[in-house]
Amino acid sequence: MRNNDVDQALRALKRKLQREGLLRELKRRRAYEKPSERRIRERDDAIRRARKLARKQAQREGLLPAPKKKLPPVARHGRNGPARSG
């Protein structure tokens with residue numbers, strides 16, 4: 001925790017959990033999943049991964065345009081955050 005900022009630490013933790021897929025896994029495990037539903041989900045996940053891999057490969061080869069880069073939060077709002085009226 002930097003400067004004892006709990007909110008900042010919590011945001012960082014949530015970001016890490018989201019990136020690792022832990023929240024999605026917990027949500028999925030809340031209820032029983034039938035084997036047939038599990039096969040369908042795993043097949044769909046594999047298709048999604050293959051499409052993502054193919055899309056990234058096409059972008060590397062120049063067949064598709066690269067995604068637009070996101071600006072860091074500081075660059076979007078300046079140093080003092082968004083402008084406020086009033």
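Residue numbers start at 1 and run along the sequence shown.
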Show me the donor-acceptor pairs within less than 3.5 Å that the side chains of residues 9-18 make with the rest of the protein, sequence neighbours left out.
none

- Note on the structure: Residue set satisfying side-chain contact (heavy atoms from CB on, under 4.5 Å) with K69, at least two apart, ordered chain then number -> none

- Task: Apply side chain to side chain donor-acceptor pair (under 3.5 Å) to Q59 and list each qualifying residue two or more places apart in sequence or on a separate chain.
- Result: none

- Task: Under the salt bridge (charged side-chain N to carboxylate O under 4.0 Å, His left out) rule, what do R41 and E37 come out as? Steps first, then yes or no, please.
- Result: CA-CA 6 Å; R41 180 184 49 80; E37 291 173 343; over 6 Å; no

- Sequence neighbours excluded - side chain to side chain donor-acceptor pair (under 3.5 Å) pairs with any residue from residues 19-29: E25-R28, E25-R29, R28-E33

- Note on the structure: Sorted by chain and number, sequence neighbours left out, side-chain contact (heavy atoms from CB on, under 4.5 Å) with P35 holds for Y32, R39

- Query: Pairs in or reaching into residues 47-59: which pass salt bridge (charged side-chain N to carboxylate O under 4.0 Å, His left out), with residues at least two apart or in two chains?
  - Reply: D45-R48

- Item | Counterpart residues, side-chain contact (heavy atoms from CB on, under 4.5 Å), relative to A58 (two or more places apart) | L63, L64

